[in-house]
**Student:** 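Got a structure here, written out as structure tokens. Questions coming.
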Amino acid sequence: MKDKLVISKSLSGRGVDRKFLLIPDDVSLMADGADTTRVVLRVTDEFGAVRTYANDPISFSLEGPATLIGDNPFSLVGGTGAIWIRAGERAGNVRLTARHPQLGVQTVDIVLSAAKDQEV
């Protein structure tokens with residue numbers, strides 16, 4: 001691989017938090033009271049690199065038949081963190097709203113599908 005570019009990465013020299021991201025592992029769950037998904041929280045620079053010194057408190061609100069598992073508010077560690085959402089036993093829509101004190105609000109919608117009798 002002589003003289004062939006293999007990877008390129010851009011890093012910010014500004015040292016400023018630019019983006020607040022809310023990244024779910026799944027956007028659909030079974031409404032069985034046990035199905036769970038992780039939601040990753042991340043603060044990045046303008047190039048998507050995690051801001052390791054970001055430790056802001058993130059507050060959450062949850063609408064719909066589900067439970068938030070984790071601290072509320074949740075303080076980021078090293079610019080990142082995660083909480084979990086556990087489905088209830090009723091089908092429906094769930095909306096998680098996360099508020100960063102400077103970078104605003106992000107939302108995630110999760111659909112809970114009815115569990116079949118043999119799957120419960």
Side-chain angles (χ1 to χ4, degrees):
M1 300 223 182
K2 187 176 181 183
D3 297 328
K4 183 177 179 185
L5 180 64
V6 178
I7 191 168
S8 175
K9 189 170 186 177
S10 297
L11 299 174
S12 176
R14 294 184 176 152
V16 178
D17 299 343
R18 292 284 184 199
K19 296 178 188 173
F20 170 51
L21 304 171
L22 199 57
I23 308 162
D25 287 345
D26 304 287
V27 292
S28 63
L29 298 173
M30 294 300 281
D32 60 3
D35 202 5
T36 306
T37 190
R38 177 184 67 159
V39 180
V40 174
L41 319 163
R42 190 172 292 152
V43 171
T44 68
D45 65 16
E46 62 268 27
F47 298 111
V50 174
R51 297 281 302 138
T52 57
Y53 294 106
N55 61 359
D56 303 294
I58 308 299
S59 60
F60 302 99
S61 62
L62 187 66
E63 302 170 31
T67 305
L68 185 140
I69 302 171
D71 293 338
N72 188 10
F74 179 92
S75 290
L76 297 173
V77 177
T80 191
I83 53 104
W84 283 259
I85 302 295
R86 179 183 298 140
E89 295 180 353
R90 192 181 74 212
N93 295 314
V94 174
R95 173 166 281 183
L96 173 66
T97 303
R99 289 175 181 77
H100 186 283
Q102 286 83 35
L103 300 176
V105 175
Q106 292 289 319
T107 60
V108 168
D109 292 317
I110 299 171
V111 176
L112 305 184
S113 301
K116 297 176 187 169
D117 289 338
Q118 65 268 26
E119 292 179 338
V120 176

**Student:** Could you list who else is in Val111's hydrophobic cluster, with ILVMFWY side chains joined at under 4.5 Å, directly or through other members?
**Tutor:**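 Besides Val111, the cluster holds no residue at all.
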**Student:** Show the nearest heavy-atom pair for residues Pro65 and Ala91, with the distance to one decimal.
**Tutor:**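 So the minimum-distance heavy-atom pair works out to CG-O, 4.3 Å.
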**Student:** Out of curiosity, Gln106 CD to Arg42 CZ, how far, rounded to the nearest 0.5 Å?
**Tutor:**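 Answer rounded to 0.5 Å: 13.0 Å.
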**Student:** Each residue besides Ile83 in its hydrophobic cluster should be listed here, by chain and number; the cluster joins Ile, Leu, Val, Met, Phe, Trp and Tyr at side-chain heavy-atom distances under 4.5 Å.
**Tutor:**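 Same cluster as Ile83: Phe20, Leu22, Leu29, Val39, Leu41, Val43, Ile58, Phe60, Leu62, Leu68, Phe74, Leu76, Ile85, Val94, Leu96, Leu103, Val108, Ile110, Leu112.
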**Student:** With the side chain counted from C-beta on, respond yes when Ser75 and Asn55 share a heavy-atom pair under 4.5 Å apart, and no when they do not.
**Tutor:**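 When only atoms from C-beta onward are counted, Asn55 and Ser75 do not touch, as no gap falls below 4.5 Å.
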**Student:** Let me know which of Asp17, Thr80, Asp56 forms a side-chain contact (heavy atoms from CB on, under 4.5 Å) with Arg51.
**Tutor:**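 Single side-chain contact (heavy atoms from CB on, under 4.5 Å) partner of Arg51 among Asp17, Thr80, Asp56: Asp17.
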**Student:** Tell me the closest heavy-atom pair linking Ala87 and Ala31, and the distance in Å.
**Tutor:**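 The pair with the smallest heavy-atom distance is CB-CA, 4.3 Å.
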**Student:** Other residues, nucleotides and ligands only: do more than 12 of their heavy atoms fall within 6.0 Å of OH on Tyr53?
**Tutor:**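 Open: at most 12 neighbouring heavy atoms sit under 6.0 Å from OH of Tyr53.
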**Student:** Counting distance only, does the side-chain N/O of Thr36 pair as donor-acceptor with the main-chain N or O of Ala34 below 3.5 Å?
**Tutor:**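 Present.
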**Student:** So how far is it from Asp26 CG to Arg38 CZ, rounded to the nearest 0.5 Å?
**Tutor:**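 Those atoms lie 10.0 Å apart.
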**Student:** Among all residues two or more places apart in sequence or in another chain, which pass the salt bridge (charged side-chain N to carboxylate O under 4.0 Å, His left out) test with Arg18?
**Tutor:**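 Testing Arg18 for salt bridge (charged side-chain N to carboxylate O under 4.0 Å, His left out), a comparison that skips the adjacent residues, returns Glu46.
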**Student:** Would you name the heavy atoms of Ile7 and Leu5 that are closest together and state the gap between them?
**Tutor:**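 Minimum heavy-atom separation between Ile7 and Leu5: O-CD1, 3.3 Å.
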**Student:** Counting C-beta onward and ignoring hydrogens, is there a side-chain heavy-atom pair between Arg99 and Pro73 closer than 4.5 Å?
**Tutor:**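 Side chain of Arg99 against side chain of Pro73, heavy atoms only: no contact under 4.5 Å found.
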